[in-house]
Undergrad: 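Before I ask anything, here is the structure I am working with.
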Protein chains: 2
Amino acid sequence: MSAANLRARVRAEMTEEIKTVARRHLATDGANLSLRAVARDLAMASSAVYRYFASRDELLTALIIDAYDAVGERAEQAAGRGATPLAKWLAAGHAVRDWALEHPHEWALIYGSPVPGYQAPQNTVVPATRVLLLLGATLAEAYHAGQLTEPATTTTGGYADELTELAATYYPGLPGWVVGATISGFFHLCGAISSELFGQLNHSVDGDRRGFFEFQMRGAGRLAGLVG
Amino acid sequence: MSAANLRARVRAEMTEEIKTVARRHLATDGANLSLRAVARDLAMASSAVYRYFASRDELLTALIIDAYDAVGERAEQAAGRGATPLAKWLAAGHAVRDWALEHPHEWALIYGSPVPGYQAPQNTVVPATRVLLLLGATLAEAYHAGQLTEPATTTTGGYADELTELAATYYPGLPGWVVGATISGFFHLCGAISSELFGQLNHSVDGDRRGFFEFQMRGAGRLAGLVG
DNA sequence: CGAAAAGCAAGAGCACTGCTCTCGTTGTGG
DNA sequence: CCACAACGAGAGCAGTGCTCTTGCTTTTCG
């Protein structure tokens with residue numbers, strides 16, 4: 001039994017080692033991850049890697065899930081240190097941005113354009129919503145504390161109904177516009193970071209990009225109804 | 001001389017044909033464009049394609065420039081039909097979104113995560129700013145017509161200075177915050193479309209995505225100071 | 001007008017990729 | 001102890017980007 005545990009542990013270690021090397025390759029060479037190159041770095045035959053990951057896509061999926069978890073973890077920790085909802089909002093935003101700047105290629109993997117031919121499997125859905133849920137919880141807290149004012153821009157028919165449904169399902173007791181504000185805020189976050197990382201800000205915002213991001217997050221917070 | 005023109009014309013036609021087939025491959029197979037597959041579709045040797053494009057990256061660059069121009073053209077035309085600044089703002093937004101929905105892979109090429117190993121050359125910079133400049137012109141028009149109010153969220157030090165500089169360079173006579181509103185609006189646009197195209201809205205906004213986008217564009221306009 | 005030069009297409013070839021299959025080896029549970 | 005499952009390595013297939021050489025056509029110029 002201890003032997004079996006040893007075998008399983010070796011396998012787990014090997015799996016982790018492959019992922020680590022793959023992450024390193026991702027950081028240097030970009031998204032076209034070469035399984036053979038990873039195998040070379042590990043001084044093993046490329047075919048041996050297939051004992052641990054059935055395909056390159058499966059390895060990518062593992063990295064994606066890890067990335068979702070890592071950025072979610074960072075955001076949650078940062079938000080936990082905020083005193084007011086607005087402080088949590090901003091802290092979470094900066095935490096996500098910092099993580100993205102540290103791991104640009106992993107960010108591209110999870111929030112960039114889909115990898116050609118890669119279809120995200122179902123088990124990436126749950127970790128993907130971690131940051132979104134954090135923002136939602138922050139706004140919900142603000143709402144219950146009376147620190148959230150309904151924004152002036154109203155939603156149109158179809159989308160408004162959808163928000164009401166979502167609210168009823170995931171946040172009972174919360175009006176639909178809070179869910180709408182959450183989604184808007186989340187995509188503001190992604191958009192601001194992606195535009196910075198993917199080069200859309202080149203020749204427009206070349207200096208104080210943290211300032212730009214702060215400005216965007218404050219605007220998003222304001223648009224969401226956060227005051228303070 | 002006419003013979004020389006004929007030769008040049010044949011070459012131009014061939015170049016265009018390669019791009020057309022490449023675009024078709026892009027639309028079906030995604031971003032990992034295979035030069036050999038394109039050559040096969042054209043019933044020519046893969047090496048022959050290199051007479052027209054020195055590398056796969058150069059072909060991608062040509063497609064990128066075309067895409068920038070195409071989406072810019074559509075946005076400008078749509079904005080031209082708008083009566084008020086806000087109408088132009090919304091029309092341009094929907095035009096860009098419509099184009100993106102029609103050409104998702106080309107959108108990913110220009111506004112998605114950078115293609116691995118591909119570095120955008122300098123000659124893509126000018127066409128890339130076309131939509132940004134359109135938004136800027138729209139806001140400038142609104143400003144001069146007294147239909148733009150300075151937003152309450154103020155910019156912080158470093159970023160504010162940068163905006164003032166940008167305004168002095170590109171939009172003399174305009175305050176920095178209008179430039180800031182332009183940039184914010186542009187990345188709002190990109191973010192909203194990308195989040196829809198790249199699947200970030202899955203399981204959040206599955207129904208009325210046009211309504212979602214409209215809501216976002218109105219919010220961005222409001223954040224930029226557009227009234228009406 | 002004919003020779004030189006330039007443009008072009010094709011094929012072979014190199015190094016690389018993901019992935020599969022087979023073949024020994026090695027460790028494990030009954 | 002031994003059958004069996006897990007494992008690593010190697011060969012091999014089909015595909016990729018790209019280069020180089022070879023032959024052919026078209027243009028250009030003396």
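Convention: sequence-line order gives letters A, B, ...; per-chain numbering from 1.
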Undergrad: Remember a base hit wins even if backbone is also touched, and classify A/Leu59 as base, sugar-phosphate or nothing at under 4.0 Å, heavy atoms.
TA: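 Result for A/Leu59 = nothing.
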
Undergrad: Could you state the atom-to-atom distance from CG of B/Leu42 to P of C/dC8 in whole Å?
TA: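 Spelled out: CG on B/Leu42 to P on C/dC8 is 15 Å.
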
Undergrad: Nearest whole angstrom, please: distance from the P of C/dG7 to the OH of B/Tyr52.
TA: 12 Å

Undergrad: Measure the acute angle between the ring planes of B/His188 and A/His188, then classify it against the limits of 30° and 60° as parallel, tilted or perpendicular.
TA: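 Ring orientation, 0 to 90° scale: perpendicular.
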
Undergrad: In this structure, how many angstroms lie between the C1' atom of C/dT17 and the CZ atom of A/Phe53, rounded?
TA: 19 Å

Undergrad: Are OP1 or OP2 of C/dC19 and a side-chain N or O of A/Ser46 less than 4.0 angstrom apart?
TA: no

Undergrad: Is the distance between the ring centroids of A/Phe187 and B/Phe212 under 6.0 Å?
TA: yes

Undergrad: Whole Å only: how far is the CE atom of B/Met44 from the P atom of C/dG11?
TA: 12 Å

Undergrad: Backbone N or O of B/Ala160 within a donor-acceptor pair of the B/Thr164 side chain at under 3.5 Å?
TA: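 Flag set: sc B/Thr164 to bb B/Ala160 pair under 3.5 Å.
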
Undergrad: Nearest whole Å is fine: how far is C/dC19 C1' from A/Arg56 CZ?
TA: 12 Å

Undergrad: Nearest of C/dT20, C/dC8, D/dT16 to any side-chain atom of A/Tyr50?
TA: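 Shortest atom-to-atom distance from the side chain points to C/dT20.
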
Undergrad: Using atom types as modelled and distance alone, determine if a side-chain donor or acceptor of B/Trp89 lies under 3.5 Å from a backbone N or O of B/Leu139.
TA: no

Undergrad: Using whole Å, report how far NE2 of A/His25 lies from P of C/dG18.
TA: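 The answer, rounded to whole Å, is 10 Å.
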
Undergrad: Between the base of C/dA9 and the side chain of B/Ser47, is there any donor-acceptor pair under 3.5 Å?
TA: no

Undergrad: Select one nucleotide: of D/dA9, C/dC19, D/dG17, the one nearest the side-chain heavy atoms of B/Leu35.
TA: D/dG17

Undergrad: Expressed as a whole number of angstroms, how long is the span from A/Arg9:CZ to D/dA6:C1'?
TA: 17 Å

Undergrad: Is any side-chain N or O of B/Arg51 under 3.5 Å from a base N or O of C/dG7, one able to act as donor and the other as acceptor?
TA: no

Undergrad: Any donor-acceptor pair, under 3.5 Å, between the side chain of A/Arg36 and the base of C/dG18, if you only look at N and O atoms?
TA: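 By the distance-only test, yes, there is a pair.
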
Undergrad: So if I take every side-chain heavy atom of A/Arg40 and compare against D/dC18, C/dC8, C/dC16, which nucleotide ends up nearest?
TA: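 Nearest to the side chain of A/Arg40 among the choices is C/dC16.
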
Undergrad: Considering only D/dA9, C/dA10, C/dG18, which nucleotide approaches the side chain of B/Ala48 most closely?
TA: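 Among the listed nucleotides, the one closest to the side chain of B/Ala48 is C/dA10.
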
Undergrad: Taking CD from B/Glu58 and P from D/dT19, how many angstroms apart are they, rounded to a whole number?
TA: 11 Å

Undergrad: Using side-chain hydrogen bond (donor to acceptor under 3.5 Å, both in side chains), reason through B/Trp107 and A/Ser113 one step at a time and then give a plain yes or no.
TA: CA-CA 9 Å; B/Trp107 173 268; A/Ser113 37; over 6 Å; no

